[in-house]
Amino acid sequence: MHDFKLKNNKLFCENVPVEKIAGEVGTPAYVYSERTLLDHFNKLKKAFAKIQPLICYSMKANSNLSICRVLAKAGAGIDIVSGGELYRARKIGVNSKKIVYASVGKTLEEIEAAVRFGILFFNVESIPEMQAINTVARRLKKKQLIAIRINPNVEARTHKYITTAKSENKFGIDIQTAKKMILSYSGEFENIEICAIHVHIGSQIEQVGPFIEALKKSVRLIEELRSKGARITHLNIGGGLGIIYNKERPQTADEYARAVMPLIEKKNLKLILEPGRFIVGNAGILLAKITYIKDTPVKRFIIIDAAMNDLLRPTLYGAYHEIIPVSCAKCEKKKKADVVGPVCESGDFLAKGRSLPLLLKSGDILAIMSAGAYGFSMSSNYNSRRRAAEILVNGDKYRIIRKRESYSDLVKNEMTA
Ligand code: LLP
């Protein structure tokens with residue numbers, strides 16, 4: 001569920017007509033609903049209430065400080081993947097013991113910043129990384145907790161670019177090697193303590209089956225490790241919950257929790273979750289204005305002022321995002337069109353062959369739905385386009401949580417001779 005609803009043919013975000021936002025802030029603009037964010041977070045929290053997991057919002061989905069702060073205030077921890085995300089997490093005052101850090105390529109500088117800050121776990125993805133963390137921790141005279149991210153060789157049944165737990169993927173460590181790392185290296189590295197297993201199998205996963213397969217492998221591994229004396233206290237099962245973009249029927253938070261909990265109950269394990277898309281995906285839309293409508297002998301192009309640099313998902317993954325006019329009086333008659341941006345690439349499209357109202361015209365505002373996750377956070381300045389403004393709605397009020405970039409922002413780090 002989300003709080004973007006049509007009332008008398010006008011699209012509202014909570015109690016604010018989004019056309020008003022487009023008029024006052026301009027386009028392109030990302031608009032988020034605070035109520036939806038919290039609702040999604042609380043749904044997950046409630047579904048798992050019996051075992052009280054640590055829910056670390058995966059900041060890469062949408063790293064805007066205000067979005068993260070809303071979630072942190074509601075009790076979320078944060079899942080980070082870079083020094084930049086650590087910086088953001090610190091800015092919003094997240095408790096360091098609620099931060100987990102994954103990435104196959106953490107640099108020494110990034111490791112040092114995270115050890116100094118005292119994060120809960122590094123999710124370690126290779127032996128050299130574990131050595132690096134130990135070296136840094138020794139230099140800083142600290143003991144750092146780590147989780148080993150396993151690669152369970154599970155097919156997540158999602159887009160191949162966002163499948164992360166097949167043996168050929170770069171992520172995690174195969175189970176045999178993980179076992180060896182935990183059982184034989186634990187004593188060797190004095191400044192780390194391996195006390196968790198982490199597994200994240202991919203993103204936009206609709207069925208609970210792959211999660212359960214990975215979870216079973218993780219629990220089996222933990223039991224074996226414990227029987228050989230390892231002290232594993234936490235299991236982090238990552239993120240990956242799919243959402244509805246079009247006709248998907250993804251598992252609900254309740255269904256997910258009902259499948260997961262029996263496998264870890266009575267195992268004396270603290271559970272960690274890392275949801276991103278589930279929380280923020282349907283809590284955001286991208287508003288764009290129609291610049292021109294171009295009818296050619298073969299098709300109609302609706303050219304808008306948002307582009308692949310604003311929302312890369314259709315170009316990169318062939319992803320579907322519903323597109324609707326924010327205000328629609330005579331919308332019954334439809335015509336198929338490609339919705340495209342002004343960027344100089346034929347891959348610059350937001351939708352292809354989409355049935356949209358025939359009477360749309362220049363100046364009309366379109367809403368690109370379900371754009372809250374991996375929308376702004378994957379946006380760029382390609383074609384020297386300024387990145388969009390971001391707006392957060394709460395009830396009948398809205399506020400700008402990121403200004404639209406200016407032309408001087410575009411060149412502020414550049415030097416001429
Ligand atoms: N944990 C780890 C270690 C991850 O790598 C990710 C996402 C998550 C948690 C959160 O996954 P989520 O709950 O959001 O599925 N750009 C792609 C998605 C990339 C996901 C990367 N990792 C897209 O637009 O579909």
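Counting starts at 1 for both ligands and their atoms, following the listed order. If you read the sequence from its start, that first residue is 1, and numbering goes on from there.
Only one option out of Glu274, Lys106, Arg149 pairs with Asn123 in a side-chain hydrogen bond (donor to acceptor under 3.5 Å, both in side chains); it is Glu274. Evaluated for a side-chain contact (heavy atoms from CB on, under 4.5 Å) with Val115, the options Leu140, Asn191, Ile192 yield exactly one hit, Leu140.
Distances from atom 20 (C) of ligand 1 to the heavy atoms of Tyr245, Tyr374, Tyr317 put Tyr374 nearest. Of the candidates Arg277, Gln204, Met378, Met59, Arg277 brings a heavy atom nearest to atom 25 (O) of ligand 1.
With ligand atoms numbered from 1 in the order given, ligand 1 contributes 13 (O) to contacts under 4.0 Å with heavy atoms of Pro275. Residue contact check: Asp79 has heavy atoms under 4.0 Å from atoms 1 (N), 2 (C), 9 (C) of ligand 1. Ligand-side atoms of ligand 1 in range of Glu274: 1 (N), 2 (C), 3 (C), 8 (C), 9 (C), 10 (C), 13 (O), range being under 4.0 angstrom from any heavy atom. Near Gly276, meaning under 4.0 Å from one of its heavy atoms, ligand 1 places the atoms 12 (P), 13 (O), 14 (O). Per-residue contacts place Gly240 under 4.0 angstrom from the following atoms of ligand 1 (heavy atoms of the residue considered): 11 (O), 12 (P), 13 (O), 15 (O). Per-residue contacts place Gly239 under 4.0 angstrom from the following atoms of ligand 1 (heavy atoms of the residue considered): 9 (C), 13 (O).
A ring-centre distance under 6.0 Å is not found for Phe278 and Tyr256. Taking the six-membered ring for Trp, His234 and Phe121 have ring centres closer than 6.0 Å.
Judged by distance alone, with hydrogens and angles left aside, the side-chain atoms of Ser33 form no donor-acceptor pair with the main-chain N or O of Asp3 at under 3.5 Å. A donor-acceptor pair under 3.5 Å links the side-chain atoms of Arg404 to the main chain of Gly26, judged by distance alone. When atom types are taken as modelled, the side chain of Asn169 and the backbone of Lys166 share a donor-acceptor pair closer than 3.5 angstrom.
Taking distance alone, with nitrogen or oxygen atoms compared against 3.5 Å, Arg313 approaches ligand 1 more closely than that limit.
For atom 19 (C) of ligand 1, the closest non-hydrogen atom of the protein is Ile162 CG2, 3.7 Å. Remark: minimum distance from atom 10 (C) of ligand 1 to any protein heavy atom is reached at Ser58 OG, 3.4 Å. Among protein heavy atoms, atom 15 (O) of ligand 1 sits closest to Ser203 OG, 2.4 Å. For atom 21 (C) of ligand 1, the closest non-hydrogen atom on the protein side is Lys60 CD, 3.8 Å.
Asn246 CG: more than 12 foreign heavy atoms inside a 6.0 Å radius.
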Give the intermediate values and the outcome of ring-ring contact (aromatic ring centres under 6.0 Å, His included) for residues Tyr320 and Tyr245. CA-CA 6 Å; Tyr320 179 100; Tyr245 287 97; 8.4 Å; no
